[in-house]
Amino acid sequence: MSDKTSPELGKSSLNVRLANELVYQMNIVRRQVSAYPQGHPVVRSSADRAISTLQHLHSHGPKVTIGVARDRLLFDATPLDSKNPVFQDYARALFAHGIIGHCLQQGLTAEELCLFYRLLACKPEELLSQGGVSAVMAKAGLRHLTVMLLDHSLFKTQEVSSPEEPGPSSQGSEQPWDRLAGALFRLSTKTAARPDISPAPITMEELVTVLNIQTQGMTPGEAGGYEQAVAEFIRELVAGAPCQGTYGEGLHQFATLIGQLQPTIRRQLLASALSALQAHQPHAGPILGHFSSEVLADAVKTLDARQAIPPFILQVLQQLASHGSGTEPLGQENPLSPSDAAATGKLEELLTEHGADAYVPPDYQAVLRELPERSQPARSLPPEAIQEMMAGLQAQCLEGRLCRILCHLLRYPTDSERASRLMEPLQSLVHKLIDMGHFDVLVDIHRDFAAPVSNAGASGNNFLNAIFSGPNFVRGIMSKLAASSVAQRQDIFILIGQVGAPFIPLLLDSLAEEQDRSVRYKYLALLRDMGSSARDEIISRLQDPRWHLVRNLVTLLRDLGDPGIVDVLEPLLHHANERVRQEALKTGLHFQDPRAETVLLRELGATGAAPSLWSILLARNSRDPRVLARLLALLREGGLTEARCSVRLKVIATLGDLGNPEALSGLKQVLFGVNLLHPFRHRRLQYQILDTLKSFPPETVAGIRHRLVCSLRPDLRGLRQRAIQLKIGTAT
């Protein structure tokens, strides 16, 4: 049976993994839509990636439905990670507008997705004033994306009689099923505490939707009210058993509801029903006979996990174990009715198909075998011992240990057939470790097999490299970065550094879109450490229209230390964006490219023109005498406006960084000069020059110091004291 179901399980697991990645990408688009102007290429790129992932999911069906439960998400009937902050952020954003689910249909475009999130960026009351979310989406032309809203019209206000003076009871006309549906609806929609609120008649579809979606946001304490509601329903059914129409209709409705619920809430409700049947054992058969074997299996599993299996269910199991048939009575006092026999037959079918061991605790199995001979049941392990055993198991990463064993078997010489058989389970374990967030374990495993071993087989290492450098592994690791903790993120960065080159394309993609500056710096450091292996991939992206990405790529190429890149960067010296030109010029000057010197002279401006401040700062990397002459000319050109003063201050600082004695004549003219129109700005220049003289050899500025100290000019008194304090022109 497992062979038949395993492909479906694998397909479901793949869909859930794709759904996780889709939510990550859609949340990025949602945040970027609010942060960037409409039509920005960063938003479009993120939306295209989300649509690409959505198309993979559409290969399994034309619609993808994601439910919303306050701060949690469901993909079909599968709840996504409830502790994931990205999922919580996305769920809250939708639920703030009353959205409890949205359906992404085949044909959805990036433009429609961005339009949807642009609408969500509006305040809820603003959308309500325009007719609500659905109306606004319809007006905007969203045809391939629909939303499901929490229907507040399902609530109505009713008068409640006081306990002392009970009003006319409406329970006479209201059936047990109606009261159960109302109670479940109120518990799921947080209106249980309002006695004046009751649900209007609701359909089975509405009740199933609310239970499947809304109960995902409940805590265990809040969900405990279901047991009371189900127990009351069972009691009312048993009390009204003579009325066969009411009895059968209520059971049919309850069974229909159970069959349509997602597994978590389905097990909870049916387990509550089994627990409630302890007080009504003669009616267990008719009630259980309405449910399938699979549904009963889930319920028994839930009770087994709670260590609360009702004794009469154990009697049924003992009956099956002793007689192999569900047709004989359990005892003289409580014989099985025909309907009881039908229910027992279903349990027998369930146990025959799946094995009783899956549902009965090990301690009970021995008891069941010995029940004919013993009157006292065997005692279970003490709770302290069980907790200690569980703590010990939880502290062990069993998947990591199995992964190490398989890596060891693959690494050493082995035939290709055996290696191919080991590949599939190893890949599954690696992806399981990624999903569980055990990146530290993956770091250790990769480090172990990457270390050279004399007798290791080359083919085994090839297999391992195929796993740890494959596209699925690389994408899986990168997709976990956004939602990982600080410690997990550090482990991911270590793992990326160890694996190296396979991560280069995705690192560059992420570098273009990452909004966190510290993370961008980490991406740059990782790419820098990968050295020349990243060179070709970086060069291939220099034509990207995003200037901020191109600027970072130029920085990476400069850090590689390869002078050959100056030919590649030459077109960027004339780039439309000033900051890209600046980085390309800085790189050319770093490698002493004559073309960069020419461009620098052009940026410094012609005679009489004010240059950009960044070009003056870059001149400190130049050794061209023409650049030095242009800097000295800038000390004399124009008046001393505030803008010109800023230019001269930068020029003086750059001349100090160059430390060329040929610049001292120009600096001396300003130091001992006078400006009657702008004396305060001129004084700023003089003090800047005095600080700059420290960068020159003492013997070259000794004459300037002597002239300054011996001068009797009153306006130079402060400069003389400053020169003596800084010991300008004296050996240190």
Side-chain angles (χ1 to χ4, degrees), residues 22-51 54 63-75 80 84-105 107-157 185 188-191 194 197 199-200 202 206 209-210 212-214 216-217 482 513 515-516:
L22 176 63
V23 174
Y24 278 119
Q25 294 170 350
M26 290 196 302
N27 196 50
I28 290 174
V29 178
R30 182 185 66 82
R31 294 174 59 189
Q32 289 180 343
V33 163
S34 301
Y36 290 91
Q38 185 173 350
H40 197 283
V42 170
V43 181
R44 179 54 189 263
S45 177
S46 299
D48 287 341
R49 269 198 306 278
I51 294 299
L54 180 62
K63 296 181 179 180
V64 173
T65 301
I66 297 178
V68 182
R70 294 176 182 86
D71 59 352
R72 305 187 187 189
L73 299 173
L74 285 88
F75 169 66
L80 303 182
N84 190 311
V86 175
F87 295 170
Q88 292 175 348
D89 182 40
Y90 189 75
R92 292 191 192 103
L94 270 65
F95 195 77
H97 291 275
I99 297 174
I100 60 173
H102 56 343
C103 180
L104 313 174
Q105 302 174 14
L108 181 67
T109 63
E111 291 81 2
E112 289 181 296
L113 189 64
C114 293
L115 177 58
F116 174 63
Y117 293 129
R118 198 169 295 113
L119 295 177
L120 288 189
C122 301
K123 294 182 179 180
E125 53 269 22
E126 182 181 344
L127 296 182
L128 286 174
S129 66
Q130 302 178 40
V133 177
S134 298
V136 175
M137 290 174 60
K139 292 177 184 177
L142 284 173
R143 297 184 298 107
H144 299 95
L145 196 155
T146 57
V147 297
M148 293 162 281
L149 302 176
L150 184 61
D151 190 358
H152 296 282
S153 66
L154 293 176
F155 299 98
K156 66 179 182 181
T157 303
F185 188 89
S188 301
T189 53
K190 300 286 188 179
T191 59
R194 292 286 308 277
I197 296 293
I202 57 176
E206 291 169 340
T209 300
V210 169
N212 277 342
I213 299 297
Q214 300 304 101
Q216 292 302 315
E513 300 175 6
Q515 299 180 13
D516 189 328

Task: L94: partners by side-chain contact (heavy atoms from CB on, under 4.5 Å), with sequence neighbours left out - done: V68, Y90, I99, H102, L120
Task: Test side-chain contact (heavy atoms from CB on, under 4.5 Å) applied to E125 - qualifying residues, sequence neighbours left out - done: K123
Mind listing the closest non-hydrogen atom pair of [X] and [Y] along with its distance?
X: P124; Y: A96; answer: CG-O, 3.6 Å
X: A135; Y: G131; answer: CB-O, 3.5 Å
X: V29; Y: C114; answer: CG1-SG, 4.2 Å
X: T65; Y: C103; answer: OG1-SG, 3.9 Å
X: L73; Y: V23; answer: CD1-CG1, 3.6 Å
X: A50; Y: L22; answer: O-CD1, 3.4 Å

Roughly how far, to the nearest 0.5 Å, is the [atom2] atom of [Y] from the [atom1] atom of [X]?
X: R31; Y: Y36; atom1: CZ; atom2: OH; value: 10.5 Å
X: L113; Y: R30; atom1: CG; atom2: CZ; value: 11.5 Å
X: L54; Y: L108; atom1: CG; atom2: CG; value: 6.0 Å
X: C122; Y: L128; atom1: SG; atom2: CG; value: 11.5 Å

Open item on the list: Test your reading of the model: is there a side-chain donor-acceptor pair from S129 to the backbone of E126, 3.5 Å cut-off?
Closed with: yes
- [ ] Report the C-alpha distance between N27 and D89 in whole Å, list the side-chain angles of each, state the deciding distance to 0.1 Å, and finish with yes or no for side chain to side chain contact (heavy atoms under 4.5 Å, CB included).
- [x] CA-CA 8 Å; N27 196 50; D89 182 40; 3.4 Å; yes
What I'd like to find out is whether the side chain of [X] reaches to under 4.5 Å of the side chain of [Y], using heavy atoms alone.
X: R118; Y: Q38; answer: yes
X: V33; Y: F116; answer: no
X: I66; Y: M26; answer: yes
X: S134; Y: L149; answer: yes
X: R72; Y: F87; answer: no
X: Q515; Y: Q32; answer: yes

- [ ] Enumerate the residue pairs fulfilling salt bridge (charged side-chain N to carboxylate O under 4.0 Å, His left out) with a member in residues 136-148, sequence neighbours excluded, ordered by first and then second residue.
- [x] none
Task: Worked verdict on L119 versus M137 for side chain to side chain contact (heavy atoms under 4.5 Å, CB included) - done: CA-CA 8 Å; L119 295 177; M137 290 174 60; 3.9 Å; yes
Task: side chain to side chain contact (heavy atoms under 4.5 Å, CB included) assessment of E112 paired with L145 - done: CA-CA 8 Å; E112 289 181 296; L145 196 155; 5.9 Å; no
Task: Test item: side-chain donor near acceptor, Y24 and N84, under 3.5 Å - done: yes
